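Every value quoted in this text rests on a predicted model; they were computed, and no experiment measured them. Starting from 1, each residue takes its place in the sequence as its number.
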Amino acid sequence: MTRKKNNGNSEVAAAARTRGSGGQVVAEEHRSLLRQMLRIRRFEERCVELYSAAEIRGFMHLYIGEEAVAAGVMPALDPEDAVVSTYREHGHALARGVSAEAIMAEMFGRSTGCSRGRGGSMHLFDSATRFYGGNAIVGGGLPIAVGLALADRMRGADRVTACFFGDGAVAEGEFHECLNLAALWHLPILFVCENNRYAMGTALAHEHAETDLALRASSYGVVSWAVDGMDVLAVSAATRRATEAVRWGGGPHFLEMRTYRYRAHSMYDPDRYRDKAEIQDWKRHDPIDALVSRMRAGGELADDDLAAMEKEIAAEIDQAVDAAKAAPPEPVEALERFVYCEEAVRP
């Protein structure tokens, strides 16, 4: 694969390219990462309110606590790179550049949603940002990601495919098949395992004999290492390193993001499988609080700055909710549309 200059779609990447690595650029990067994590957190908190009021229906899996992974990974990717996600993908979609308005409309099942209201929370999709879902099957995105990466390799395209999945997917057959094929074919793919320590309600040690998931991935000849997934700066640095290696022809890489979700597996989950004290202990490592503390200590963030950021995010989410409520649902007459390729059935 021929290497070309990274022309990333984020203000973080743009600042780093044009202004070097000075203190001002670092402060801008920190602000961007903080804003992205806050957007994800506040968006999902609003979704909880709407779900509790029965305005959003269906299954919903929250990302609260894991924001550092999405916020830290996405800036390392180029616009033409592909992203394959899981059913816990609100944060991934927001960080990738799918608008809050399009995501919220999808949550409401409206025609203006990113999947025209047909997918809901678990099936977000946006071709403009090359965000390929959203997959309700555990590990189901792995073969899709390998296929995308194989296609890029065969075409000689300078692209990386980033594939997100949880620790539960490591127990699925697709994981082992896909890791093996990615290494065998030397594919340009970044595997991002969000190890939140619970596959639904099963603790990691009760499901995996070897709990070092990066070690398991390395057994397939994939370059792998573990990252503190509660530290957005660590996530960002690790992802830049891994993505650059993949883009330079280094083959597949695997990052085990060791993180934690504060909420239950889904909104339907009573969350009786873990100790409340454990959750509180992990909240002391909150990725947002950690970055805020670091920025304040470095003189990069004042209280007024944080308040202004929160106000801006709140306005964005309010607008997204209002637009979603005002949007129409997909008409019944279009029920059978998209079942088959329209070109294929045309006489």
Side-chain angles (χ1 to χ4, degrees), residues 1-18 21 25-26 29 32-33 36-37 66-86 89 91-97 129-132 141-142 144-153 155-165 178-179 182-183 185-195 213-214 217-218 220-229 231-259:
M1 184 168 62
T2 304
R3 168 65 185 158
K4 70 179 181 180
K5 185 178 179 182
N6 184 318
N7 62 341
N9 60 347
S10 70
E11 59 189 86
V12 174
R17 286 197 311 276
T18 59
S21 57
V25 170
V26 171
E29 177 180 354
S32 180
L33 292 171
Q36 198 65 271
M37 289 194 293
E66 302 183 35
E67 296 90 351
V69 179
V73 168
M74 294 303 175
L77 302 175
D78 282 359
E80 61 265 32
D81 293 336
V83 177
V84 179
S85 188
T86 72
E89 89 272 37
H92 303 151
L94 281 167
R96 180 57 177 169
T129 58
R130 301 203 77 214
F131 185 78
Y132 295 107
L142 285 157
I144 296 172
V146 168
L148 288 166
L150 176 61
D152 284 339
R153 182 177 179 273
R155 292 169 177 158
D158 184 22
R159 292 172 172 172
V160 172
T161 296
C163 180
F164 291 84
F165 53 94
C178 290
L179 266 286
W185 295 335
H186 205 65
L187 298 183
I189 185 168
L190 175 65
F191 295 104
V192 182
C193 177
E194 295 181 308
N195 178 7
L213 303 185
S218 69
Y220 288 98
V222 176
V223 179
S224 311
W225 69 91
V227 182
D228 181 359
D231 181 346
V232 70
L233 301 184
V235 171
S236 178
T239 307
R240 284 197 301 268
R241 173 187 165 194
T243 304
E244 285 300 300
V246 174
R247 211 180 293 282
W248 276 102
H253 279 55
F254 178 100
L255 297 179
E256 179 193 347
M257 302 294 184
R258 296 179 176 174
T259 184

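- Under the 4.5 Å side-chain criterion, counting only non-hydrogen atoms from C-beta, D78 is in contact with R247.
- When all heavy atoms are compared, the tightest approach of T86 to F164 is CG2-O, 3.1 Å.
- Here the closest non-hydrogen pair linking A71 and L33 is O-CD2, 3.4 Å.
- Rounding to the nearest 0.5 angstrom, the gap separating the CZ atom in R130 from the CZ atom in R159 is 4.0 Å.
- Between G229 and V235, the shortest heavy-atom distance links the atoms CA-CG2, 3.9 Å.
- For T239, there are no side-chain hydrogen bond (donor to acceptor under 3.5 Å, both in side chains) partners two or more places apart in sequence or in a different chain.
- Checked for salt-bridge contact, R155 and E80 miss the test: no charged N lies under 4.0 Å from a carboxylate O.
- The CZ atom of F191 sits 11.0 Å away from the CG atom of L255 when rounded to the nearest 0.5 Å.
- Judged purely by atom type and a 3.5 angstrom limit, D152 has no side-chain atom pairing as donor or acceptor with the backbone of A157.
- The two residues A238 and V227 have their closest heavy-atom pair at CB-CG2, 3.6 Å.
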Residue pair S236, E29: steps toward the side-chain contact (heavy atoms from CB on, under 4.5 Å) verdict: CA-CA 10 Å; S236 178; E29 177 180 354; 3.5 Å; yes
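- Partners of F131 according to the ring pair (Phe, Tyr, Trp, His ring centres under 6.0 Å) rule, which considers only residues two or more places apart in sequence or in another chain, do not exist here.
- R153 meets the side-chain hydrogen bond (donor to acceptor under 3.5 Å, both in side chains) test with no other residue; sequence neighbours excluded.
- Looking at residues two or more places apart in sequence or on another chain, you find a side-chain hydrogen bond (donor to acceptor under 3.5 Å, both in side chains) between E194 and Y63, H92.
- Taking CD1 of I189 as the start and CG of L142 as the end, the distance is 7.5 Å to the nearest 0.5 Å.
- Atom CE of M257 and atom CG of L213 lie 13.0 Å apart (nearest 0.5 Å).
- How far OH of Y132 is from CG of L148: 6.0 Å, rounded to the nearest 0.5 Å.
- Looking at every heavy atom in both residues, A68 comes nearest to M37 through CA-SD, 3.7 Å.
- Note that the OG1 atom of T243 and the CG atom of D81 stand 7.5 Å from one another [nearest 0.5 Å].
- For V222, the side-chain contact (heavy atoms from CB on, under 4.5 Å) test picks out L179, A183, Y220, S224, P252, F254, with sequence neighbours left out.
- In terms of heavy-atom proximity, A214 sits nearest to A226 at CB-N, 4.0 Å.
- For R258, the salt bridge (Lys or Arg N to Asp or Glu O under 4.0 Å) partners two or more places apart in sequence, or in a different chain, are D212, E256.
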